Amino acid sequence: MTATSHASREQRAIRLEDSWKQVLAAEFDAEYMQTLRQFLREEKARGKQIFPPGEEIFSALNTTPVDSTKVVILGQDPYHGVGQAHGLCFSVKKGIALPPSLLNIYKELQSDIGFVPPEHGSLTHWAEQGVLLLNAVLTVEAGRAASHQGVGWERFTDQIVKILNEQKSGLVFILWGSYAQKKGAMIDRRKHLVLQSPHPSPLSASRGFFGNRHFSQANAYLARQGKTAIDWQLSPDPD
């Protein structure tokens, strides 16, 4: 089997929502993506544990199609603890302890819109309504934060942001922290609403994340665009 046919078989095996597959087809054929695939194969061959599981790497795109996207929240890289990452930034599955940043997001929601915090950390309900919960880097080695930065994912997710910026209008981009704000520098503020504040991490939340009122501002903007507001309230049981 040639390298080309092996790559083609891998591409067919990737489960990606049709609208994203169409606009990202060139990225999957690009040399950097072949290099990224090889990197992930070699890491696994060395016995390293990679999060999230392969079938969940593209969960953000699979849950929120291009034309359904109304709000984009940019994260940095996946949680690196066992069972935490499932492909949606800041989100964890039911039964997993809530990370500190997510607890602070819940506190701001509570202050902003009267949110009632659930005991779980699954944000899938947001994603299903059009909130693209996109990490800049889509994989990580277990126990090693930021271990897959600089291996190609940033270029891939830059293209996602570029596509949304150019092909859509009236989106809300929520950028928490300097990393997300740097990544969002390409966004046209004349076409979209960009909301920025410090990161919800315990190290920075008190410096301006608390009180940013991004959730109510996002809904007010969507209403002005004639779009349905996001129901930020999460069910007590995500299942």
Side-chain angles (χ1 to χ4, degrees), residues 10-24 27-28 33 36-37 39-41 43-44 48-99 101-102 105 118 120-149 151-161 163-164 173-177 179-180 183 199-200 230 232 234-235 238-239:
E10 275 196 340
Q11 185 170 338
R12 287 194 299 272
I14 293 170
R15 187 178 74 84
L16 192 62
E17 189 276 330
D18 286 344
S19 64
W20 284 114
K21 187 180 290 186
Q22 181 177 349
V23 297
L24 293 170
E27 301 306 303
F28 284 102
M33 187 59 80
L36 175 55
R37 284 197 190 98
F39 166 79
L40 292 173
R41 282 197 297 267
E43 291 292 278
K44 290 177 182 177
K48 295 184 178 180
Q49 191 172 13
I50 307 300
F51 298 140
E55 67 274 13
E56 294 180 337
I57 290 173
F58 298 109
S59 286
L61 303 179
N62 287 331
T63 313
T64 312
V66 176
D67 287 340
S68 298
T69 302
K70 296 189 286 188
V71 178
V72 182
I73 298 179
L74 287 179
Q76 191 161 341
D77 64 338
Y79 295 124
H80 55 87
V82 174
Q84 290 184 306
H86 68 116
L88 306 180
C89 72
F90 295 106
S91 180
V92 292
K93 286 185 176 180
K94 179 185 177 184
I96 302 297
L98 273 64
S101 292
L102 183 55
I105 290 170
H120 67 84
S122 173
L123 306 181
T124 302
H125 177 59
W126 296 358
E128 291 172 344
Q129 296 177 79
V131 182
L132 183 65
L133 296 167
L134 182 69
N135 276 314
V137 176
L138 299 188
T139 57
V140 70
E141 181 183 341
R144 294 188 61 221
S147 51
H148 289 185
Q149 288 186 12
V151 299
W153 283 126
E154 292 92 342
R155 178 171 170 181
F156 179 75
T157 54
D158 275 350
Q159 187 63 20
I160 292 170
V161 175
I163 287 167
L164 291 172
F173 288 86
I174 296 179
L175 312 178
W176 295 326
Y179 188 94
K183 191 172 185 68
H199 194 274
I230 303 299
W232 297 109
L234 299 168
S235 166
D239 297 327

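It should be emphasised that the depicted structure is a prediction, and the values quoted were computed from it without experimental measurement. If you read the sequence from its start, that first residue is 1, and numbering goes on from there.
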side-chain hydrogen bond (donor to acceptor under 3.5 Å, both in side chains): pairs with one or both residues in residues 122-132, sequence neighbours excluded: Ser122-Thr124, His125-Gln129, His125-Asp231
Shortest non-hydrogen separation from Arg15 to Phe58 and the atoms involved: O-CB, 4.4 Å
Set of side chain to side chain contact (heavy atoms under 4.5 Å, CB included) partners for Ser19, sequence neighbours left out: Glu17, Pro65, Val66
Side-chain contact test, heavy atoms from C-beta onward, threshold under 4.5 Å: evaluate it for Leu36 versus Phe156 and give yes or no. no
With Ser101 via side chain to side chain donor-acceptor pair (under 3.5 Å) - residues at least two apart: none
With a 3.5 Å cut-off and sequence neighbours excluded, list the donor-acceptor pairs that the side chains of residues 130-141 form with protein atoms.
{"unit_1": "Asn135", "atom_1": "OD1", "unit_2": "Gln76", "atom_2": "N", "d": "3.3"}
{"unit_1": "Thr139", "atom_1": "OG1", "unit_2": "His148", "atom_2": "ND1", "d": "2.7"}
{"unit_1": "Thr139", "atom_1": "OG1", "unit_2": "Trp153", "atom_2": "NE1", "d": "2.8"}
{"unit_1": "Glu141", "atom_1": "OE1", "unit_2": "Arg144", "atom_2": "NH1", "d": "2.8"}

Sequence neighbours excluded, which residues qualify as ring-ring contact (aromatic ring centres under 6.0 Å, His included) partners of Trp20? none
Pairs where residues 79-89 contributes a residue and the test side-chain hydrogen bond (donor to acceptor under 3.5 Å, both in side chains) is met, not counting sequence neighbours: His86-Ser91
From Thr157 atom OG1 to Leu74 atom CG, the distance as rounded to the nearest 0.5 Å: 8.0 Å
Going by the rule ring-ring contact (aromatic ring centres under 6.0 Å, His included), which residues pair with His199 if we only count those two or more places apart in sequence or in a different chain? Phe90
One should read off an interatomic distance between Glu27 CD and Asp158 CG, to the nearest 0.5 angstrom, of 9.5 Å
Rounded to the nearest 0.5 Å, how far does CD1 of Ile174 lie from CD1 of Ile105? 9.5 Å
The side chain to side chain donor-acceptor pair (under 3.5 Å) partners of Lys44 (sequence neighbours excluded) come to none
Which residue pairs satisfy the salt bridge (Lys or Arg N to Asp or Glu O under 4.0 Å) criterion with at least one member in residues 65-87, sequence neighbours excluded? Asp67-Lys168
Residue list, side chain to side chain contact (heavy atoms under 4.5 Å, CB included) with Ile163, at least two apart or on another chain: Val23, Leu24, Gln159, Gln167
Which residues satisfy the side chain to side chain donor-acceptor pair (under 3.5 Å) test with Glu154, sequence neighbours excluded? none
Under the salt bridge (charged side-chain N to carboxylate O under 4.0 Å, His left out) test, residues paired with Glu56 that sit two or more places apart: Lys93
Minimal heavy-atom distance between Pro53 and Ala85, with the atoms involved, is CD-O, 4.1 Å
In Å, rounded to the nearest 0.5 Å, how long is the span from CG of Leu61 to CD1 of Ile160? 4.5 Å
Would you say Ser68's side chain and Thr64's backbone share a donor-acceptor pair under 3.5 angstrom? no
